[in-house]
Structure formats: C-alpha cells, structure tokens
Number of protein chains: 2
Amino acid sequence: MYSSELIKGTLKTIILKLLSDSNEMYGYELTQRVKELTGGKIQLTEGALYPTLHALEAQGVLSTNVVNVGNRIRKYYSITPTGKQLANDKVNEYADFIQTMTFLLGLKPNMG
Amino acid sequence: MYSSELIKGTLKTIILKLLSDSNEMYGYELTQRVKELTGGKIQLTEGALYPTLHALEAQGVLSTNVVNVGNRIRKYYSITPTGKQLANDKVNEYADFIQTMTFLLGLKPNMG
DNA sequence: TTTACATACATAATTTTCTTAGGTATATAT
DNA sequence: ATATATACCTAAGAAAATTATGTATGTAAA
C-alpha cells in the first residue's frame, strides 16, 4: 500500500478509465479490480468510492442500472459519451503529469 | 497548469527532492524553480507551501537560516540527514507509484 | 508619482477530498 | 455461532489544498 497522500486526486481518473474499458461495473467490483491490477498496492476505500460514484452520476458522466442478484442489490455503473470524453482527457492529463513529475524528481524515464 | 486534484499529495515530495539536490533554498525560490522546471505546469501556491515548510521543519527534516537581504527577510531551508533519507524514500515510493499508475491507466511506459 | 508587478514572508477561512467508523443485509465456510 | 466475503450506504472528522488577505520592500513603466 502506498501512503494515502499519493493516491489523492487519482480516484476519479481510475474509475473513469476502468469504466471506459468495460461495458459496466459495480462499486465492489471496482475495488476488487483495482486491488487485483495493482497487486494490492492501491485499495479503494468504500467511503471514498461511493460518494465519488454518486457525484459522477450526478454530473452525467456515469449512468446506473440496479440489478437484483439473488436477494442482494447490485448497482452497475456505465460510462456516458460525455464520460468517455472526460475519461480520455483525465488519462491524457495524468500521462502528461507523470512525465512532468518524472523529470522534476529526476527519475529514469523507463526502468523496471 | 494541471487540474488542482492531480498535484495533491506531491508537495512534500517535490520540496524534499529539490532541497535534497541543493545546499539551501528559500520558499519563494522553490516556487520559481518548480515553475521553471515544469514550464509553468506546476505552480506551488504560497498558502500550501509555507505551512508545509513549517511542518517539515517542526518534524526535523528541514532546518532554517534567516538572512537579511537588503531590508528584506529571506528564510533559507536546508535538508537534515533525516530529511535526506525521507526524500529518498518519498521519491522511490513515487517512482513505484508512477509505474503502477502507468500500468493501471494503460499508458505507454515510455513515450515522448 | 502612482500604478503595477516582482520579491518575500505569513496566516486564516473555506473548500475539497479522503479516512475512519458505523450501519444494513445476504451468503458461505469453519 | 463466528468469521469472512459480498454489496450497498452515510456521517463525523482529519488532512491538504485553495483562496483571500495582510505586511513590506524594490523596481519599472506610464
């Protein structure tokens, strides 16, 4: 796990990117997917995730589809066209930012 | 300028790295140096910078040296041995984080 | 000569974003 | 029974930033 400082400001970008690459995902699924893809180094907390999902839906970049799985509720999120555009912008901005930070911190541009 | 979200959590790392590479720098100098090195893409705000410098000094990772330049005060910060260690740790953690995010967001590991 | 901008420090109110903690509920394995 | 996993949610508080403001000097332009 990274220090919580580092992860700040990346949540929206991560959510939008993952939803941009799949038809639909539900909240819990997002937490598991990120955990899996990062080898546990990034773990989304529910207290941060759910309010952010609600905000993104209210902004019109996500839409929802509530489904009953057995007796449990599952709320699928999918990205809207506006959201897809935003996802692209955010990912591109982050890519640029990474390059700037790489230079600023004197990191090797590409090392295992 | 990047959206303010992105820069969050990177301030301490940036300060520690720059001070790690120079004998001493003062607050205003840090803002100008970062602006210069990033082509204006990252601009430290004084409201964030000064409280952070004070906190780092209180933690013992920075020490200060107040100088009179003409009639103006200038407060030079230099890094302590503890601070140098912390700078290294933070930079390494950030390098690791960048790799994780690069993978998670599906970015090219090395593109101009 | 006064207006604007740069230098150089600082703090305070507010906002944003996250953590921590708690709540509800079902399913499954020990 | 108990713990763990699934699956949603909110609220109090902390952390870290922005925005606004204050003080003060130096310099260049109008």
Side-chain angles (χ1 to χ4, degrees), chain A residues 1-16 18 24-36 40-59 62 64-77 90 94 97 101, chain B residues 1-16 18-19 24-36 40-59 61-77 90 94 97:
Chain A
M1 272 285 286
Y2 298 113
S3 72
S4 70
E5 282 186 328
L6 280 193
I7 303 174
K8 294 200 179 190
T10 61
L11 182 55
K12 278 184 200 165
T13 306
I14 291 171
I15 292 172
L16 290 170
L18 292 190
E24 54 176 15
M25 293 180 87
Y26 54 98
Y28 187 77
E29 189 183 8
L30 281 165
T31 67
Q32 298 309 299
R33 189 106 185 82
V34 169
K35 189 176 166 184
E36 178 199 332
K41 285 180 175 177
I42 298 178
Q43 268 164 267
L44 307 187
T45 59
E46 297 179 311
L49 177 64
Y50 289 115
T52 300
L53 286 172
H54 301 161
L56 290 173
E57 188 187 5
Q59 279 174 42
L62 299 181
T64 58
N65 177 27
V66 179
V67 171
N68 281 307
V69 178
N71 287 357
R72 270 208 221 103
I73 286 167
R74 196 178 278 176
K75 200 167 174 182
Y76 281 97
Y77 288 87
K90 286 226 162 252
Y94 203 81
F97 179 66
M101 285 301 290
Chain B
M1 273 286 287
Y2 299 115
S3 72
S4 71
E5 282 184 329
L6 281 193
I7 302 174
K8 294 195 182 196
T10 61
L11 182 56
K12 279 183 199 164
T13 306
I14 291 171
I15 292 172
L16 290 171
L18 292 191
L19 287 173
E24 54 177 14
M25 292 179 88
Y26 53 98
Y28 187 76
E29 188 182 7
L30 281 163
T31 67
Q32 297 310 298
R33 189 105 185 83
V34 169
K35 189 175 166 184
E36 177 199 332
K41 286 179 174 177
I42 298 178
Q43 270 164 264
L44 307 187
T45 59
E46 297 178 308
L49 177 63
Y50 290 115
T52 300
L53 286 172
H54 300 163
L56 291 173
E57 187 187 5
Q59 278 174 44
V61 302
L62 298 182
S63 63
T64 56
N65 177 27
V66 179
V67 171
N68 282 308
V69 178
N71 287 357
R72 269 207 222 103
I73 287 167
R74 197 180 276 176
K75 201 167 173 181
Y76 280 97
Y77 288 87
K90 285 227 161 250
Y94 203 81
F97 179 66

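Everything quoted here is computed from the prediction, not taken from an experiment. Below, read A as the first sequence line, B as the second, and so on, with proteins coming before strands; counting in each chain starts at 1. Below, each value reflects all heavy atoms present in this structure, side chains not excepted, and no hydrogens, waters or symmetry copies.
Between B:L19 and B:L56 the shortest side-chain heavy-atom distance does not fall below 4.5 Å.
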Please tabulate, one pair per line, each protein N/O and nucleotide N/O from nucleotides 23-27 of chain D that are separated by under 3.5 Å, including the distance.
from, atom 1, to, atom 2, distance (Å)
D:dT25, O2, B:R72, NE, 3.2
D:dT25, O2, B:R72, NH2, 2.7
D:dG26, O4', B:R72, NH2, 3.0

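Residue B:H54 places none of its side-chain N or O atoms closer than 4.0 Å to OP1 or OP2 of C:dC9. For C:dC9, one of the phosphate oxygens OP1 or OP2 lies less than 4.0 angstrom from a side-chain nitrogen or oxygen of B:Y50. Phosphate contact (OP1/OP2 of C:dA8, side-chain N/O of B:Y26, threshold under 4.0 Å): present. Between A:K8 and C:dT16, a side-chain N or O to OP1/OP2 separation shorter than 4.0 Å is absent.
Distance CD (B:E5) to C1' (D:dA16): 13 Å, rounded to an integer number of Å. Between A:L53 atom CG and D:dC9 atom C1' the separation is 12 Å, expressed in whole Å. Rounding to whole angstrom units, CD1 of residue A:I14 and P of C:dC18 are separated by 10 Å. Here the P atom of nucleotide C:dA8 and the CD1 atom of B:I73 are 12 Å apart, to the nearest Å. Between the CD atom of A:Q43 and the P atom of C:dC18 there is a distance of 16 Å, rounded to whole Å. In this structure, CZ of B:R33 is placed 19 Å from P of C:dA6, rounded to the nearest angstrom. Between A:L30 atom CG and D:dC8 atom C1' there is a gap of 13 Å when expressed in whole angstrom units. Taking atom CG of B:L49 as the reference point, atom C1' of C:dT11 lies 14 Å away to the nearest angstrom.
Contact detail for B:A48 and B:P51: the closest heavy-atom pair is O-CD, 3.7 Å. The two residues A:L44 and A:T31 have their closest heavy-atom pair at O-CG2, 4.0 Å. Looking at every heavy atom in both residues, A:L18 comes nearest to A:R33 through CD1-CG, 4.3 Å. A:E29 approaches A:M25 most closely through the heavy-atom pair OE1-CA, 3.2 Å.
Nearest-nucleotide assignment on DNA chain D puts the 5′-proximal partner with A:Y77, out of B:A48 and A:Y77. Residues A:E29 and B:L11 each lie close to DNA chain D; by heavy-atom proximity, the contact nearer the 5' end of the strand is made by A:E29.
Considering A:E57, A:K75, A:H54 in turn, A:E57 is the only one that fulfils the side chain to side chain donor-acceptor pair (under 3.5 Å) rule with A:T64.
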Which atom pairs, donor and acceptor, lie under 3.5 Å between side-chain atoms of residues 9-16 of chain A and protein residues at least two apart or in another chain?
from, atom 1, to, atom 2, distance (Å)
A:T10, OG1, A:I7, O, 2.5
A:K12, NZ, B:E5, OE2, 3.2

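Of the candidate nucleotides D:dC8, C:dA8, C:dC18, C:dA8 has the atom nearest to the side chain of B:E46. Of the listed nucleotides (D:dA17, C:dC9, C:dA8), C:dA8 has the atom at the smallest distance from the side chain of B:R74. Of the candidate nucleotides D:dT10, D:dC8, C:dC9, C:dC9 has the atom lying nearest to any side-chain atom of B:K75.
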